[in-house]
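The next block holds one structure in the form of structure tokens; read it before the comments.
Owing to the predicted nature of the structure, the values given are computational and were not obtained by experimental measurement.
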Amino acid sequence: MSWTSAGTPGRERPVVTFGEPEGYDERGRGLSLAGRVAPRTAAAAACMVLGLGLIGGAVTGGWIVDDGGDAGAATTFSSASGLWHNVPVDELFPRTVQGTGAGPGGADRTWTRIAVAPATGCTDAFDPLLRKALAPVGCRRLIRATYTDATQSYVTTVGLLFTKADPAGMTALAKRFTSERLDRRTDLLPLPYAAKDTAAERFGPHQRASWTISVLTDAPVVAYAVSGWADGRTVDTPQSAADAEASGATTAAAQAGLGNEAQGLADRIERRLRQNISGPATETPS
């Protein structure tokens with residue numbers, strides 16, 4: 001399955017010349033030192049030229065390495081933008097995801113994929129204010145899938161938004177999300193993908209309990225996940241995964257581990273994405 005040196009002007013200086021230094025021979029006669037100095041001067045000059053050549057070579061070599069690294073990073077960033085249609089869906093959204101230690105208290109989790117949304121735009125995927133916050137990086141394509149836990153008590157939609165931004169644009173967005181804490185505002189949430197005839201068919205906007213959003217800077221991607229109860233119960237005040245997982249959190253979402261559901265699944269899908277950025281995944285989807 002695939003996604004389809006002169007002096008200062010105006011100032012005269014006196015010119016001073018010195019006579020050639022002399023020595024004396026064994027009879028006390030004057031003897032020019034030019035003959036003796038010249039070989040030493042030539043040797044010193046040769047050493048200086050050699051040293052400058054080595055230094056210049058080292059500096060040039062450093063420039064070549066740096067340029068190559070930057071070019072490689074740029075190529076990797078650019079190639080990541082096409083993963084949504086170049087990589088099979090099972091590589092990005094495995095049918096089963098193992099979350100070792102991902103639950104509350106380090107409990108293990110297992111998530112099973114129950115629906116995959118067609119690749120679309122972003123119009124109906126985010127709350128209006130979140131869509132506005134993401135607008136500067138653009139929307140190239142959005143892919144989503146919904147999972148349920150082993151008991152089918154919880155449902156979680158995970159998404160990968162492929163943007164149109166360059167590295168500078170993604171870095172700017174990431175800084176804004178961090179400095180303004182946009183990933184914790186309850187009026188900036190992703191919308192779930194509620195597929196019919198699945199455990200998530202009643203997973204609508206009012207059922208969202210916890211969520212997480214991650215703006216990548218090494219790829220043009222925004223990764224997110226939003227979780228809720230599978231029985232369709234409404235939630236008055238969602239809580240971000242970071243807050244729900246915090247020690248001492250007492251909300252219903254925190255007590256149920258829905259913050260762990262969103263964060264744990266998002267982390268593993270983001271890991272799959274990075275594996276495909278660096279090269280085709282070779283492990284069996286887990």
Side-chain angles (χ1 to χ4, degrees), residues 1-4 76-94 113-147 155-177 180 182-183 185-198 200-208 210-228 238 240-241 262 265-266 268-270 272-274 276-277:
M1 181 177 183
S2 62
W3 308 100
T4 108
T76 299
F77 185 95
S78 178
S79 63
S81 66
L83 288 179
W84 67 272
H85 63 78
N86 293 332
V87 176
V89 62
D90 288 348
E91 294 291 349
L92 294 177
F93 296 138
R113 193 185 73 200
I114 56 177
V116 176
T120 64
C122 300
T123 303
D124 300 319
F126 306 108
D127 282 345
L129 287 180
L130 177 55
R131 187 167 65 248
K132 183 177 180 180
L134 295 172
V137 296
C139 176
R140 186 180 303 277
R141 216 64 175 168
L142 175 68
I143 57 175
R144 297 175 290 172
T146 297
Y147 289 78
V155 285
T156 302
T157 292
V158 60
L160 297 172
L161 162 60
F162 289 81
T163 76
K164 299 178 181 179
D166 58 11
M170 294 304 296
T171 298
L173 183 66
K175 288 181 178 179
R176 185 187 176 200
F177 263 72
E180 299 180 26
L182 299 184
D183 56 340
R185 284 180 46 171
T186 57
D187 55 349
L188 282 80
L189 269 67
L191 291 169
Y193 176 58
K196 294 181 178 181
D197 300 322
T198 70
E201 63 182 348
R202 290 183 288 176
F203 187 24
H206 299 293
Q207 283 69 43
R208 295 173 294 181
S210 191
W211 81 99
T212 182
I213 302 173
S214 176
V215 180
L216 280 60
T217 57
D218 55 349
V221 177
V222 177
Y224 69 87
V226 56
S227 62
S240 71
L265 187 55
R268 283 151 183 81
I269 296 303
E270 184 177 325
R272 298 290 302 186
L273 173 72
R274 293 184 184 280
N276 281 281
I277 291 175

Item to check | Evaluation steps, side-chain contact (heavy atoms from CB on, under 4.5 Å), between V116 and Y193 | outcome: CA-CA 8 Å; V116 176; Y193 176 58; 6.0 Å; no
Item to check | Worked verdict on L273 versus L92 for side-chain contact (heavy atoms from CB on, under 4.5 Å) | outcome: CA-CA 6 Å; L273 173 72; L92 294 177; 4.3 Å; yes
Checklist entry - Hey, mind stepping through Q207 and V155 against side-chain contact (heavy atoms from CB on, under 4.5 Å) and telling me if it holds? => result CA-CA 10 Å; Q207 283 69 43; V155 285; over 6 Å; no
Next on the checklist: Let's go through T76 and I277 carefully: what are the C-alpha distance in whole Å and the side-chain angles of both, what is the deciding distance for side-chain contact (heavy atoms from CB on, under 4.5 Å) to 0.1 Å, and is it a yes or a no?
Outcome noted: CA-CA 7 Å; T76 299; I277 291 175; 3.3 Å; yes
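Within the model, atoms CH2 of W211 and OG1 of T186 stand 6.0 Å from one another, a figure rounded to the nearest 0.5 Å. Distance CD/E201 to CD1/I114: 9.5 Å, rounded to 0.5 Å. With rounding to the nearest 0.5 angstrom, the CZ atom of F93 is 9.5 Å from the CZ atom of R144. D183 CG to S240 OG: the interatomic distance, rounded to the nearest 0.5 Å, is 7.0 Å.
Under the 3.5 Å distance criterion, the side-chain polar atoms of W84 are left unmatched by any main-chain donor or acceptor of L161.
Residues A115 and A195 approach most closely at CB-CB, 3.4 Å, considering heavy atoms. The minimum heavy-atom distance linking A266 with V158 is given by the pair CA-CG2, 4.3 Å. In terms of heavy-atom proximity, A125 sits nearest to L142 at CB-CD2, 3.1 Å. L191 approaches P205 most closely through the heavy-atom pair CD2-CG, 4.0 Å. For the pair P94 and R113, the tightest heavy-atom approach, listed with the atom from each and the gap, is O-CB, 3.8 Å. Taking all atoms of both residues into account, the shortest heavy-atom contact from F203 to S227 is CZ-C, 3.6 Å.
Sequence neighbours left out, the pairs with a member in residues 127-140 that pass side-chain hydrogen bond (donor to acceptor under 3.5 Å, both in side chains) are D127-R208. Under the side-chain hydrogen bond (donor to acceptor under 3.5 Å, both in side chains) criterion, the residue pairs touching residues 156-176 are T146-T157, R176-E180, with sequence neighbours excluded.
Under the salt bridge (charged side-chain N to carboxylate O under 4.0 Å, His left out) criterion, D197 pairs with no residue at all, not counting sequence neighbours. Residues passing the side-chain contact (heavy atoms from CB on, under 4.5 Å) test with D124, sequence neighbours excluded: none. Y224 pairs by the ring-ring contact (aromatic ring centres under 6.0 Å, His included) definition with F126, not counting sequence neighbours.
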Taking distance alone, no hydrogens or angles, what donor-acceptor pairs closer than 3.5 Å link side-chain atoms of residues 213-223 to residues at least two apart or in another chain?
unit_1: S214; atom_1: OG; unit_2: E270; atom_2: OE1; d: 3.4
unit_1: D218; atom_1: OD1; unit_2: R274; atom_2: NH1; d: 3.1
unit_1: D218; atom_1: OD2; unit_2: R274; atom_2: NH1; d: 2.4

